[in-house]
2 protein chains.
Amino acid sequence: MPAVTQSLPRRLAEMPVLADRLRRHARKFTGARQAILAVLRHDSRPMSNKEIFARLPGGLCDLATIYRSLHLLEEVGMVKRFDLGDGVARFALLREDDDGHRHHLVCTRCAEVVEIEECCTPEVEKRISERSGFKAVTHRLEFFGICPTCQ
Amino acid sequence: MPAVTQSLPRRLAEMPVLADRLRRHARKFTGARQAILAVLRHDSRPMSNKEIFARLPGGLCDLATIYRSLHLLEEVGMVKRFDLGDGVARFALLREDDDGHRHHLVCTRCAEVVEIEECCTPEVEKRISERSGFKAVTHRLEFFGICPTCQ
DNA sequence: GGCAGCGATGCAAATCGTTTGCATTTGGCC
DNA sequence: GGCCAAATGCAAACGATTTGCATCGCTGCC
Ligand SMILES: [Mn+2]
Ligand SMILES: [Mn+2]
Ligand SMILES: [Zn+2]
Ligand SMILES: [Zn+2]
């Protein structure tokens, strides 16, 4: 049980609100999507397609549908994609006013994931942009280590 | 032509020295490995297996051999693996006294890669370790943006 | 509430990067 | 030169993700 400051539990949107966000984008609120959103709402830890699939009531939908749904949810800004360095995409629900920028600490033994509150690069990003001539500079930062349990 | 400060050209080991580093680990200095190291020595930008393969004199070795060779070179600390976020592993030669810790700025349009000199997290890493109880904390940090050419 | 139409889904096959089994070759060392 | 473990070629296997296509089911509209 890592002692890191977890970000405060953000109030998660109710299902009808999520349905609305989808319809606003001319997307359907299907059974599969409802179930996927329910899973993501239940646990804020970034989850892979397979993890989500495994938590769905048996055979509710095909794995391909999960992949397609998460793409769509990412497009409309309802989920954020994370790359924790193991070649598997993970997703977490986003509040409507959240850009999802955040970082994690991942145990390299058991893959436990802890959200990190720091973002060390507010001004660094600007400095890099100025020096390089690159525009729209963003960053991806993840920490790795061995969790207390695995030590 | 990005204006970013490229890291100073580090003196690269001569081929015989590289051969030696391999033999010291009881590994053979084969034709394939010699060619792969030559490619990496010629261009310090992190390169994928396929990129290296493409620069090798026609059919000098199989792609599988490149994969195996890079694993081995990584094991003995002669190359460093980078993950620039596109699902393809890239590798760069390491000097004997270099741990290879560095960061990059990647153009999301044309994939141009620029090495970044900053590492914003010397003390952050320690703070995170203390707060989380995780040991051996490291980090991976990459920047993304749109290069001058692609803007 | 019923309907048409477009978006969504299931299923299977395809992709892509990477790994691996196995028979064969080769570099390093005496 | 010869031995032998290490290295290689080739093709098949893999795991994550994507896609083609026929079918199905939300939604907006009447
Ligand atoms: Mn940040
Ligand atoms: Mn760093
Ligand atoms: Zn752990
Ligand atoms: Zn570019």
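Quick caveat, the model's predicted, so the values are computed rather than measured. First the proteins, then the strands, lettered A, B, ... as listed; each starts at 1.
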For B:Arg127, side-chain contact (heavy atoms from CB on, under 4.5 Å) partners two or more places apart
A:Glu118, B:Glu123, B:Val124, B:Arg131

How close or far is atom P of C:dA8 from atom CG of A:Leu37, stated in whole angstroms?
13 Å

For the pair B:Glu51 and B:Arg45, find out whether any cationic side-chain nitrogen is under 4.0 Å from an anionic carboxylate oxygen.
yes

Once side-chain contact (heavy atoms from CB on, under 4.5 Å) is applied, do any residues pair with B:Glu130, and if so which ones, sequence neighbours excluded?
B:Lys126

Rounded to whole Å, the CG-P distance (B:Leu70 to D:dA7) equals 14 Å

Looking at A:Arg33, I'd like to know whether one of its side-chain N or O atoms comes within less than 4.0 Å of OP1 or OP2 on C:dT9.
yes

Send over the distance from B:Leu84 CG to C:dG17 P, rounded to a whole Å.
15 Å

How would you list, by chain and number, every residue that makes a salt bridge (charged side-chain N to carboxylate O under 4.0 Å, His left out) with A:Asp20, sequence neighbours excluded?
none

Residue pairs passing the salt bridge (charged side-chain N to carboxylate O under 4.0 Å, His left out) test where at least one lies in residues 66-76 of chain B, sequence neighbours excluded:
B:Arg27-B:Glu75, B:Glu74-B:Arg81

Return the value, rounded to whole Å, for the distance between atom CD1 of B:Ile66 and atom P of C:dC16.
19 Å

Residues pairing under salt bridge (charged side-chain N to carboxylate O under 4.0 Å, His left out) where one sits in residues 139-151 of chain B, two or more places apart or in two chains, turn out to be B:Asp83-B:Arg140

Taking ring pair (Phe, Tyr, Trp, His ring centres under 6.0 Å) as the cut-off, I'd like each qualifying pair that reaches into residues 91-118 of chain A, sequence neighbours left out, listed once.
A:Phe82-A:His104, A:His101-A:His103, A:His101-A:His139, A:His103-A:His139

Residues that A:Ser44 engages under side-chain contact (heavy atoms from CB on, under 4.5 Å), provided they are two or more places apart:
none

Indicate for each nucleotide in nucleotides 10-22 of chain D, in 5' to 3' sequence, whether protein heavy atoms under 4.0 Å reach the base (B), only the sugar-phosphate (S), or nothing (-).
B-----SBBBB--

I need the CG-P distance between B:Leu72 and D:dA5, as an integer number of Å.
18 Å

Which residues pass the salt bridge (charged side-chain N to carboxylate O under 4.0 Å, His left out) test with A:Asp99, not counting sequence neighbours?
none

Report yes if some heavy atom in the side chain of A:Ile116 is under 4.5 Å from a heavy atom in the side chain of A:Arg102; otherwise report no.
no

Between B:Ala26 and B:Cys61, which is nearer to the 5' end of DNA chain D once each is assigned its nearest nucleotide?
B:Ala26

Within the 4.0 Å heavy-atom criterion, would you say A:Leu60 contacts the bases, only the backbone, or no part of the nucleic acid?
sugar-phosphate

Under 4.0 Å protein heavy-atom contacts per nucleotide of nucleotides 24-30 of chain D, with B for base, S for backbone only and - for none:
-BBS---

Without decimals, in angstroms, what is the distance between B:Leu56 CG and D:dT8 P?
11 Å

Distance, rounded to the nearest Å, where B:Phe53 contributes CZ and C:dC16 contributes C1':
16 Å

Test: ring pair (Phe, Tyr, Trp, His ring centres under 6.0 Å). Region: residues 16-67 of chain A. Which pairs qualify, not counting sequence neighbours?
none

Difference in axis direction between the ends of the helix from C:dG1-D:dC30 to C:dC30-D:dG1, five pairs, 10°
40°

